[in-house]
Amino acid sequence: QVQLVESGGGLVQAGGSLRLSCAASGRTFSSYDMGWFRQAPGKEREFVAAITRSGLDTYYGDSVKGRFTISRDNAKNTVYLQMNSLKPEDTAVYYCARRGQDYGLGLRVDREYDYWGQGTQVTVSS
């Protein structure tokens, strides 16, 4: 059983920064692509960012491109999301997930992720 535990969320003013962390249990972390998604109240879950198992390739949602950076440390079984220039519309619960499926849909689609963390709240005040 894989466990993903997010941390680092909180309340920040617009223009500020936060760094989310997601610690994974198990010995096979480096074998999987990882992703971050978010869900705001009343909205569908949205792709934020993903990183390949090696860490060499990263992908971002259009709304966060240029402001957020995903990275990973396979020695620490941890994936990070550095969020800069935060906006009120970034307010959501942020989830990390492991891409354990391959339906050919790509890293941006949540159906390809089989394990999810419990989420961490990010609130950006204007």
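The shown structure was predicted, so the numbers you read here are calculated from the model rather than taken from an experiment.
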Taking every non-hydrogen atom, the tightest pair across Val5 and Gln118: CA-OE1, 3.8 Å

Close side-chain approach of Arg99 and Tyr32, heavy atoms under 4.5 Å: no

Any Met83 side-chain heavy atom under 4.5 Å of Val48 side chain: no

Val79 reachable from Tyr95 in the ILVMFWY side-chain graph, under 4.5 Å edges: no

Side chains of Glu46 and Ser63, donor plus acceptor under 3.5 Å: yes

Nearest non-hydrogen partners of Arg67 and Leu86, listed with the distance: NH1-CA, 3.9 Å

For Lys43 against Gln39, the heavy-atom pair lying closest together: O-NE2, 3.1 Å

Distance (rounded to the nearest 0.5 Å) between Leu81 CG and Thr69 OG1: 8.0 Å

Spacing of Leu20 atom CG and Trp36 atom CH2 [to the nearest 0.5 Å]: 4.5 Å

Side-chain donor or acceptor of Ser25 paired with backbone N/O of Gln3 under 3.5 Å: yes

Shared hydrophobic cluster for Trp116 and Val93 (ILVMFWY, side-chain gaps under 4.5 Å): yes

Arg72 versus Thr52, closest heavy-atom pair with distance: NH1-O, 3.0 Å

Flag, side chain of Asn77 to backbone of Gly26, donor-acceptor distance under 3.5 Å: yes

Distance, nearest 0.5 Å, that separates CG of Asn74 from CE of Met34: 10.0 Å

Ser30 side chain reached by Arg53 side chain, heavy atoms, under 4.5 Å: no

Exam field: side chain Gln101 to backbone Arg111, donor-acceptor pair closer than 3.5 Å: no

Where Ser17 and Ser85 come nearest, the two heavy atoms and their spacing: OG-N, 4.4 Å

Arg19 NZ/CZ over Tyr80 ring centroid, <6.0 Å and within 45° of normal: yes

Within 6.0 angstrom of Glu89 CD, more than 12 heavy atoms from elsewhere: yes

Flag, side chain of Glu112 to backbone of Tyr103, donor-acceptor distance under 3.5 Å: yes

Salt-bridge present (Asp90, Lys87; N to O < 4.0 Å): no

Side chain Gln13, main chain Ser125, donor-acceptor under 3.5 Å: no

Heavy-atom closest pair, residues Arg98 and Leu4: N-CD1, 3.8 Å

Worked verdict on Asp57 versus Leu107 for side-chain contact (heavy atoms from CB on, under 4.5 Å): CA-CA 11 Å; Asp57 296 300; Leu107 288 82; over 6 Å; no

Side-chain donor or acceptor of Thr91 paired with backbone N/O of Val124 under 3.5 Å: yes

Aromatic plane relationship, Phe37 with Tyr113 - under 30° parallel, 30 to 60° tilted, over 60° perpendicular: perpendicular

Phe29 vs Val2 side-chain heavy atoms within contact, under 4.5 Å: no

Approximate separation, where rounding is to 0.5 Å, of Ile70 CD1 and Tyr60 OH: 6.5 Å

